[in-house]
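Below is one structure, written out as structure tokens; the observations come after it.
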Amino acid sequence: MVRGRVIGRFWATKRVDTLPQGALLEVELDTGSRLIAFDPLGCAEGEQVLITQGSVAAAYFERHRAPVDALIIGSLDEPGSGA
Amino acid sequence: MVRGRVIGRFWATKRVDTLPQGALLEVELDTGSRLIAFDPLGCAEGEQVLITQGSVAAAYFERHRAPVDALIIGSLDEPGSGA
Amino acid sequence: MVRGRVIGRFWATKRVDTLPQGALLEVELDTGSRLIAFDPLGCAEGEQVLITQGSVAAAYFERHRAPVDALIIGSLDEPGSGA
Amino acid sequence: MVRGRVIGRFWATKRVDTLPQGALLEVELDTGSRLIAFDPLGCAEGEQVLITQGSVAAAYFERHRAPVDALIIGSLDEPGSGA
Amino acid sequence: MVRGRVIGRFWATKRVDTLPQGALLEVELDTGSRLIAFDPLGCAEGEQVLITQGSVAAAYFERHRAPVDALIIGSLDEPGSGA
């Protein structure tokens, strides 16, 4: 997993039908790179989050294979060491 | 997911049979790197899009395992913050 | 797989239900980049570990598809050559 | 997907049994990085090709799970814009 | 796939039970980055090898889902062109 900080939110009215309804948050990683992750936890801007990527992100959605390759799976209690 | 801007389109007459018919768009990411994504939404050049990658992109195609590892899943309503 | 050194630990009280209980360790790779891996082995800070990534990490958890894309699968006995 | 130019070919007499017979081409991407892709289309050196990666590349091979994580799926008719 | 040169070997006495017995070789890619791959072919230090990554590496192991995301699938007969 990677961790990052929520820096924004996106809306996409024009979308594929299989994309689940829910928040699409932009997250900035420590490296400075950014990704957009589905957020099932109601995270706020500035929050430090843990993100899983790839097919394991899609597997979170039980009913169908959602086209989601990045999922926020937790909000970090503490920043950890050295970062 | 990652976001990027549509900058071109590719045609491949010589192709594997399992590649679905449809638009193959070149997208430039914020980092400057580029990828080619299948577009089921009819996006235009210059449009800001959301792309999912890997096996979850292929899973969008129900009938068979399409050899597609990048799929446009939405067109962004707003550019979000700070980018 | 990649190898790295354990440099910290994270806690996430606010988390998705499907994230298994267990240690989430921050690991620094030789390249300087960092990732967060699930640790089923009880590794300590400073330990050199071997990490597998992607859906094969999630497959370690038998009962359900855990949203884990990085797993510590071993602790290295020797640093190998040249590094 | 990514696009690149065929720059060479590899032979591997010593190989795992599950690796399909066929051409293994070295492809240079626009970024300068290189990868080796299985070629079912008979591409020639210098040809611009489209490559899919990961498990969707392996899924092209119907009879078994081939250990192929990069597959040439098309040859580009035109170079597209701006590259 | 990517190619690289075998530069060392690792041992991990402390390991998850599902990690198959066999050689774990460190391989240096042309880019200078390194990864650790499972070797079913008995490769030697200095040998040029072909590596597949991700879930297709794990699929090589028939009996269970091994936590292996990098597998040596061949030893290159010739270095190819231009490298």
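What you see below is based on every heavy atom in this structure, not just the backbone, and it leaves out hydrogens, waters and symmetry mates. Chain letters run A, B, ... following the sequence lines, proteins first, then strands; residues in each count from 1.
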Distance, nearest 0.5 Å, that separates CD of D:Glu45 from CD1 of D:Ile7: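 Those atoms lie 8.0 Å apart.
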
CG-CD distance between E:Leu35 and E:Gln53, expressed to the nearest 0.5 angstrom: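 The distance works out to 5.5 Å.
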
Under a 4.5 Å heavy-atom cut-off, does chain E meet the side chain of [X], its backbone, both or neither?
X	result
D:Thr13	both
D:Ala59	neither
D:Leu19	side chain

Between [Y] and [X], is there a side-chain heavy-atom distance shorter than 4.5 Å?
X	Y	result
D:Phe38	D:Ile72	no
D:Arg3	D:Gln48	yes
D:Gln21	D:Arg15	yes

Among the listed options E:Ser55, E:Gly54, E:Ala58, the residue most often paired with chain D at heavy-atom distances under 4.5 Å: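 Ranked by contacts with chain D, first place is E:Ser55.
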
Residue among E:Leu41, E:Leu50, E:Val49 with most heavy-atom pairs under 4.5 Å to chain D: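 Of the options given, most contacts go to E:Leu41.
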
Greatest number of heavy atom pairs closer than 4.5 Å to chain E - which of D:Leu24, D:Val68, D:Asp17, D:Thr18: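 The answer is D:Val68.
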
